[in-house]
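Per chain, numbering begins at 1; letters A, B, ... match sequence-line order.
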2 protein chains.
Amino acid sequence: MAATQTLDRTLTALADPTRRAILKRLSSGEARVTEVARPFSMSLNAISKHILVLERAKLVKRRKVGRDHFLSYRAEPLDAAAKWIDETRDFWASRLDTLEQLLRAEDAARK
Amino acid sequence: MAATQTLDRTLTALADPTRRAILKRLSSGEARVTEVARPFSMSLNAISKHILVLERAKLVKRRKVGRDHFLSYRAEPLDAAAKWIDETRDFWASRLDTLEQLLRAEDAARK
DNA sequence: AATATATTCAACCTTTTGGTTGAATGTATT
DNA sequence: AATACATTCAACCAAAAGGTTGAATATATT
């Protein structure tokens with residue numbers, strides 16, 4: 001699978017506050033679906049769907065024990081996301097040609 | 001505006017590969033809308049909309065000069081995103097460190 | 001065996017997203 | 001003044017997202 005698609009899934013999963021909250025919850029320990037859902041004011045089904053999105057992004061792993069599904073947090077996909085952000089964010093800091101950019105912008109504006 | 005909503009906008013903006021490509025392009029210097037659109041195989045209008053999403057997330061700033069709109073990249077919103085990711089990602093790493101320290105301290109006290 | 005619990009599946013609904021095309025607006029150029 | 005260029009606005013469309021409710025499935029408990 002293309003790396004860009006993996007990144008898409010990761011960032012899409014993170015772009016929703018409910019899913020971020022679920023992840024934070026799981027980052028401090030395993031929990032069952034119902035436990036995860038409890039604090040939220042939406043239906044269990046809605047949470048079940050959010051969990052699916054997180055699973056598809058490999059941010060959550062599921063372990064089934066009888067009727068209980070234990071969910072756990074996986075950090076790995078965050079590495080690629082953090083990497084992309086850092087690369088993009090630091091672009092100018094890591095280059096000293098800010099001056100060149102300014103000049104180019106000025107030049108473009110003139111013509 | 002709630003911090004969570006700002007983060008939503010940032011991550012939503014980043015979750016699309018076209019928008020990430022636009023950002024990368026702009027991170028190496030200002031460009032006009034048409035210039036930004038050129039490499040893509042979709043309509044100018046589609047790109048115009050993507051730019052709007054990036055602007056709403058404050059990742060792109062617009063400077064109008066006559067009929068030209070110059071777009072520039074802004075890194076600031078990435079800080080919050082990077083922060084959230086790092087906090088979440090490192091959770092167990094830092095916790096295990098603390099636990100290890102506690103155990104080591106206990107051990108030292110015992111002997 | 002009957003019932004309760006944990007979870008998903010399925011169907012549905014509304015809003016948002018990501019794209020299209022065609023027209024409008026404002027600014028340069030000739 | 002006529003025309004070309006840069007950009008957005010508006011209407012439309014299909015697909016996806018995020019939620020709901022009700023039924024189905026599988027496992028525990030009594």
Could you check whether the side chain of Arg67(A) and the base of dT5(C) have a donor-acceptor pair of N or O atoms closer than 3.5 Å, going by distance alone?
yes

Check whether any side-chain heavy atom of Leu59(A) lies under 4.5 Å from a side-chain heavy atom of Val53(A), and answer yes or no.
no

Please round to the nearest 0.5 Å and tell me the distance separating atom CD of Glu76(B) and atom CG of Leu78(B).
8.5 Å

Answer yes or no: is there a side-chain heavy-atom contact under 4.5 Å between Arg20(B) and Leu7(A)?
yes

Side chain Asn45(A) and base dG18(D) donor-acceptor under 3.5 Å
no

5′-ward residue of the pair Thr12(A)/Val33(B) relative to DNA chain D:
Val33(B)

Any side-chain N or O of His50(B) below 4.0 angstrom from OP1/OP2 of dG18(C)?
no

If you measure from CG on Leu23(B) to CZ on Arg74(B), what distance do you get to the nearest 0.5 Å?
12.0 Å

Rounded to the Å, how far apart are Glu35(A) CD and dT7(C) P?
8 Å

For Ile47(A) and dT21(D), what is the distance between atoms CD1 and P respectively, to the nearest whole Å?
14 Å

When the distance from CZ of Arg9(B) to P of dT16(C) is rounded to whole Å, what number comes out?
12 Å

Applying salt bridge (Lys or Arg N to Asp or Glu O under 4.0 Å) between Glu55(B) and each of Arg9(B), Arg19(B), Arg62(B), report the one that passes.
Arg62(B)

From the candidates dT7(C), dT20(C), dT21(D), the one with an atom nearest any side-chain atom of Ser43(B) is dT20(C)

Would you kindly give the NZ-to-P distance between Lys49(A) and dT7(C), to the nearest whole Å?
18 Å

Keeping Thr10(A) on the side-chain end and Thr6(A) on the backbone end, is there a donor-acceptor pair under 3.5 Å?
yes

Pull out every residue in residues 17-25 of chain B that has a heavy atom closer than 4.0 Å to any atom of DNA chain C, ordered by number, or say none.
Arg19(B)

To the nearest Å, how far apart are Met42(A) CE and dG18(D) C1'?
8 Å

Expressed in angstrom and rounded to an integer, what is the separation of Leu44(A) atom CG from dA23(D) atom P?
17 Å

Euclidean distance, atom CZ of residue Arg38(A) to atom P of dA6(C) [Å, nearest integer]:
9 Å

If only side-chain N and O atoms of His69(A) are considered, is one of them under 4.0 Å from the OP1 or OP2 phosphate oxygen of dA6(C)?
no

Length of the NZ-C1' vector between Lys64(A) and dA6(C), whole Å
12 Å

Run through Leu11(A), Asp8(A), Leu14(A) and flag the one making a side-chain contact (heavy atoms from CB on, under 4.5 Å) with Leu14(B).
Leu11(A)

